[in-house]
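Each remark here refers to the structure printed beneath this line.
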Amino acid sequence: MTATVITDPEVDKSTSRGTSRGTGGARGRLPRIPDRIRQGGLPYLLLLPAVLLELLVHIVPMVIGIVMSFRQLTQFFIGNWGAAPWSGLDNYKIAVDINAPIGEALLHSFLVTCVFTFFSVGLAWLLGTAAAILLQESFRGRGVLRTIFLVPYALPVYAAVITWAFMFQRDNGMINHVLHDQLGITDEPSFWLIGDNSLYTLIIVSVWKGWPFAFLMLMAGLQNIPRELYEAASIDGAGIWQQIRRITLPSLRPVNQVLVLVLFLWTFNDFNTPFVLFGKSAPENADLISIHIYQSSFVTWNFGTGSAMSVLLLLFLLLVTAVYLFFTSRGRKGADV
């Protein structure tokens with residue numbers, strides 16, 4: 001006697017579909033290893049080239065420079081700097097000893113850099129703020145002026161500074177041609193790249209090169225201020241200066257906090273502008289600390305002392321940045337409260 005099994009095609013189809021769905025659900029619950037890597041590790045994989053370049057360009061040289069600052073590395077150990085004798089903190093003691101010639105020269109360079117940074121950052125911020133406020137209103141030719149104002153920021157640094165160096169030449173420069181030959185303001189052509197005027201020249205070039213960045217940042221910040229605030233203030237009788245003091249500047253405070261810090265760090269560390277403008281040996285009145293460290297390292301071949309100066313400069317900038325961020329964050333929290 002044989003048993004006959006009767007199968008229903010619809011039941012078989014539903015069973016197969018349920019099995020396939022169950023398998024697909026299991027696969028959905030347990031993604032494959034490549035999927036996990038793609039979902040969780042892809043951002044880190046994309047950041048890997050930038051991290052490697054940062055290590056090669058900044059971190060590794062910085063660590064090597066710190067190690068060099070503890071060695072008596074001179075021209076006699078250039079071929080094998082690892083054989084230079086260990087000097088401990090002697091290079092730092094030489095750098096900060098203001099009663100010795102090296103320490104006194106470093107202190108003078110530091111003070112010159114502070115004066116240069118103060119005027120450069122202040123004037124760049126002032127010009128950028130004025131230009132951003134003036135170009136906030138719509139008028140004919142505003143786009144052209146915005147483009148012209150951004151030209152100094154778009155030009156390569158070396159091309160711009162070399163042009164300024166030619167303009168400040170004593171005998172055939174355009175500055176003396178205008179001031180002495182055409183306007184007769186000066187009795188004789190002035191020396192702009194040496195002597196007492198060298199610091200003024202450096203500030204002028206630095207401000208011309210840096211204020212468009214301030215203008216760009218502040219112009220972007222002004223876009224976030226509602227126009228209704230100015231309209232309400234105008235209805236209440238507030239003038240243009242009251243609107244700037246009561247609305248514009250307080251609203252731009254977050255932008256200014258970042259902008260001033262960035263301009264300070266860029267200006268205090270600026271090496272390209274004085275190097276292209278004056279060469280390897282800057283005048284005494286324009287002896288910025290970046291050029292001074294370069295001379296101590298690559299002109300006198302005392303890399304140990306030069307590295308110690310660089311580390312001291314790094315510590316100073318880190319300290320100023322930390323103090324600045326501490327007080328600005330406290331001010332922001334107080335304003336929020």
Between [X] (side chain) and [Y] (backbone), is there a donor-acceptor pair under 3.5 Å?
X	Y	answer
N197	F191	yes
Q242	G239	yes
S120	T117	no
S109	D287	yes
T113	I289	yes
N91	G306	no
Q243	A238	yes
T129	W125	yes
S297	Y294	no
R71	A83	no

Hphob cluster co-occupancy, [X] + [Y], side-chain heavy atoms under 4.5 angstrom:
X	Y	result
L111	Y200	no
L127	I133	no
F275	W266	no
L179	L199	yes
I175	I203	yes

Closest heavy-atom contact between [X] and [Y]?
X	Y	answer
L46	P49	O-CD, 3.3 Å
Q223	R146	NE2-NH2, 4.1 Å
S69	A308	CB-N, 3.5 Å
D270	N272	OD1-N, 3.4 Å

[Y] side chain reached by [X] side chain, heavy atoms, under 4.5 Å:
X	Y	value
I102	M309	yes
D181	N176	no
F213	L259	yes
P250	R246	no

(message) Set out, in order, the CA-CA distance, both residues' side-chain angles and the distance that settles ring-ring contact (aromatic ring centres under 6.0 Å, His included) for F264 and Y324, then state yes or no.
(response) CA-CA 11 Å; F264 168 77; Y324 179 84; 8.2 Å; no
Just verifying a value: how many Å separate [X] [atom1] and [Y] [atom2], rounded to the nearest 0.5 Å?
X	Y	atom1	atom2	value
F316	C114	CZ	SG	5.0 Å
L202	W192	CG	CH2	13.5 Å
D196	T201	CG	OG1	11.0 Å

(message) Applying ring-ring contact (aromatic ring centres under 6.0 Å, His included), can you list everything that pairs with W86, at least two apart in sequence or on another chain?
(response)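 In terms of ring-ring contact (aromatic ring centres under 6.0 Å, His included), with neighbours along the sequence ignored, W86 is linked to F70.
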(message) So if I apply the ring pair (Phe, Tyr, Trp, His ring centres under 6.0 Å) rule between W164 and each of Y158, W208, F278, which one comes out positive?
(response) W208
(message) Does F215 form a ring-ring contact (aromatic ring centres under 6.0 Å, His included) with Y153? I'd like the steps, not just the answer.
(response) CA-CA 10 Å; F215 163 70; Y153 184 67; over 10 Å; no
(request) Give a yes or no on whether the ring-centroid distance for W211 and F149 is below 6.0 angstrom. (result) yes
(message) For a quick check under 3.5 Å, do H180 and E188 share a side-chain donor-acceptor pair by atom type?
(response) no
